[in-house]
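The structure under discussion appears below in the form of structure tokens.
Along the sequence shown, the residues carry numbers beginning at 1. Computation of the quantities below employed the complete heavy-atom set of this structure, encompassing side-chain atoms and omitting hydrogens, waters and symmetry-equivalent molecules.
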Amino acid sequence: MIFAATILTLYPEMFPGPLGTSLAGRALGEGRWSCEPVQIRDYTTDKHRSVDDTPAGGGAGMVLRADVLAAALDAQAPGRPVLAMTPRGKPLTQARVRDLAAGPGVTILCGRFEGFDERLFEGRDIEQVSIGDYILSGGEMGALVLLDACIRLLPGVMGAASSGDDESFESGLLEYPQYTRPPEWEGRMIPQVLRSGDHARIAAWRKAQAETDTRLRRPDLWERHEGARVGPPSGAQRTRKTT
Ligand code: SAH
């Protein structure tokens, strides 16, 4: 089974874009995933081929029409999760990426302008996904981010089979800091423990670093990690925070 990505967009020429290079590009060439951009405009029915219209209730910009997007979506192969890129969506996580990468692929809707007519999400089974708390000019970059995160996890894509396991977020923590040769650079040494060859000490050092860095840099992640580790005292409050 190969991971099949269909991207509904007004800019199909943006795909595979950067995913045609490096790890993802090689994997594409090897047939480990497929990339099918679909032009939303091909599913319009009026003579102006309009995909958008002015916002109901007034305001700036244009809104993508539900009827056009639904027609484009309904023409795609069924059986894969359908995701829409929107800052109103649930923030993408490594856990969700892992689940998606283990599945048959994704169909991704890329917004533009002011976004989608909300009725699209009532009329179709669509998961709304955000890639972070900032505004992009379109969903295409978000789709590329999501696909890149999935593709690197596909079997045979990453060089060392285990190199995904230690990454930031996989354990709920940031990854420990990394070093490489030369052993001394501008008077700075690689931490002695990493040159000791003592694997148990190295593992303990890395764990401690990951915990300290997560606590200081990402108190939000740390709180969730501690909550999961200690276990909620009554269940209710922590569960609510993490979901
Ligand atoms: N007016 C909208 C933003 C529209 S930005 C709002 O404030 O919610 C135009 C398109 O870019 C969106 O429809 C979406 O597809 C994409 N986009 C922008 N920011 C995004 C983000 N953080 N995550 C995912 N998609 C985003």
Measure across [X] and [Y] and return the closest heavy-atom pair with its distance rounded to 0.1 Å.
{"X": "Pro104", "Y": "Met1", "value": "CA-SD, 3.9 Å"}
{"X": "Arg41", "Y": "Thr44", "value": "O-OG1, 2.7 Å"}
{"X": "Pro81", "Y": "Gly105", "value": "CD-O, 3.3 Å"}
{"X": "Val157", "Y": "Ala27", "value": "CG2-CB, 3.7 Å"}
{"X": "Tyr43", "Y": "Ala71", "value": "CD2-O, 3.7 Å"}
{"X": "Met62", "Y": "Phe113", "value": "O-CB, 3.1 Å"}

What's the separation between atom [atom1] in [X] and atom [atom2] in [Y], rounded to the nearest 0.5 Å?
{"X": "Leu194", "Y": "Gln209", "atom1": "CG", "atom2": "CD", "answer": "8.5 Å"}
{"X": "Leu23", "Y": "Leu28", "atom1": "CG", "atom2": "CG", "answer": "12.5 Å"}
{"X": "Ile135", "Y": "Ser130", "atom1": "CD1", "atom2": "OG", "answer": "8.0 Å"}
{"X": "Leu83", "Y": "Leu146", "atom1": "CG", "atom2": "CG", "answer": "6.0 Å"}

Check the pair Arg201 / Gln192 against side-chain contact (heavy atoms from CB on, under 4.5 Å), numbers first and verdict last. CA-CA 11 Å; Arg201 267 186 68 215; Gln192 206 285 324; 4.2 Å; yes
Report yes if some heavy atom in the side chain of Asp125 is under 4.5 Å from a heavy atom in the side chain of Val82; otherwise report no.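 Of all side-chain heavy-atom pairs linking Val82 with Asp125, none is under 4.5 Å.
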Decide yes or no for Val63 and Asp52: does some side-chain heavy atom of the first lie under 4.5 Å from some side-chain heavy atom of the second?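 Answer no - side chains too far apart.
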Any residue meeting salt bridge (Lys or Arg N to Asp or Glu O under 4.0 Å) with [X], in chain and number order, not counting sequence neighbours:
{"X": "Asp99", "result": "none"}
{"X": "Arg88", "result": "Glu118"}
{"X": "Arg217", "result": "none"}
{"X": "Arg32", "result": "Glu30"}

Without placing hydrogens or testing angles, list every side-chain donor-acceptor pair under 3.5 Å for residues 3-19, not counting sequence neighbours.
residue, atom, partner, partner atom, Å
Thr6, OG1, Arg80, NH1, 3.0
Thr9, OG1, Tyr11, N, 2.7
Thr9, OG1, Glu140, OE2, 2.6

Salt bridge check: are [X] and [Y] linked by an N-O gap of less than 4.0 Å?
{"X": "Arg96", "Y": "Glu127", "result": "yes"}
{"X": "Glu167", "Y": "Arg152", "result": "yes"}
{"X": "Asp74", "Y": "Arg124", "result": "yes"}
{"X": "Lys207", "Y": "Glu211", "result": "yes"}
{"X": "Arg49", "Y": "Asp42", "result": "yes"}
{"X": "Glu226", "Y": "Arg229", "result": "yes"}

Please report the C-alpha distance between Asp67 and Asp117 in whole Å, then the side-chain angles of each, then the deciding distance to 0.1 Å, and finally whether the side-chain contact (heavy atoms from CB on, under 4.5 Å) criterion is met. CA-CA 9 Å; Asp67 57 346; Asp117 183 319; over 6 Å; no
Backbone N/O of Ala24 and side chain of Trp33: donor-acceptor pair under 3.5 Å: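 Yes.
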Please confirm whether the backbone N or O of Glu175 pairs with a side-chain atom of Ser168, one donor and one acceptor, at under 3.5 Å?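 Here the side-chain-to-backbone pair exists.
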Answer with yes or no whether the hydrophobic clustering places [X] together with [Y]; edges join I, L, V, M, F, W, Y residues whose side-chain heavy atoms lie under 4.5 Å apart.
{"X": "Val193", "Y": "Ile190", "answer": "yes"}
{"X": "Leu173", "Y": "Val97", "answer": "no"}
{"X": "Val129", "Y": "Tyr134", "answer": "yes"}
{"X": "Ile151", "Y": "Leu144", "answer": "yes"}

Would you say that more than 12 heavy atoms from the other residues, nucleotides or ligands in this model lie under 6.0 Å from the [atom1] of [X], or not?
{"X": "Asp46", "atom1": "CG", "result": "yes"}
{"X": "Met141", "atom1": "CE", "result": "no"}
{"X": "Arg195", "atom1": "CZ", "result": "yes"}

Decide yes or no on side-chain contact (heavy atoms from CB on, under 4.5 Å) for Phe116 and Arg65, but give the supporting numbers first. CA-CA 7 Å; Phe116 307 94; Arg65 290 168 53 147; over 6 Å; no
Side chain to side chain contact (heavy atoms under 4.5 Å, CB included), paired with Leu109, selected from Leu64, Val38, Leu69: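 So the option named by the test is Leu69.
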Hydrophobic cluster (4.5 angstrom, side-chain heavy atoms) - remaining members for Leu221: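 Grouped by the 4.5 Å side-chain rule, Phe169, Leu174 form the rest of the cluster around Leu221.
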Hey, mind stepping through Arg98 and Cys150 against side-chain contact (heavy atoms from CB on, under 4.5 Å) and telling me if it holds? CA-CA 7 Å; Arg98 201 164 264 291; Cys150 290; over 6 Å; no
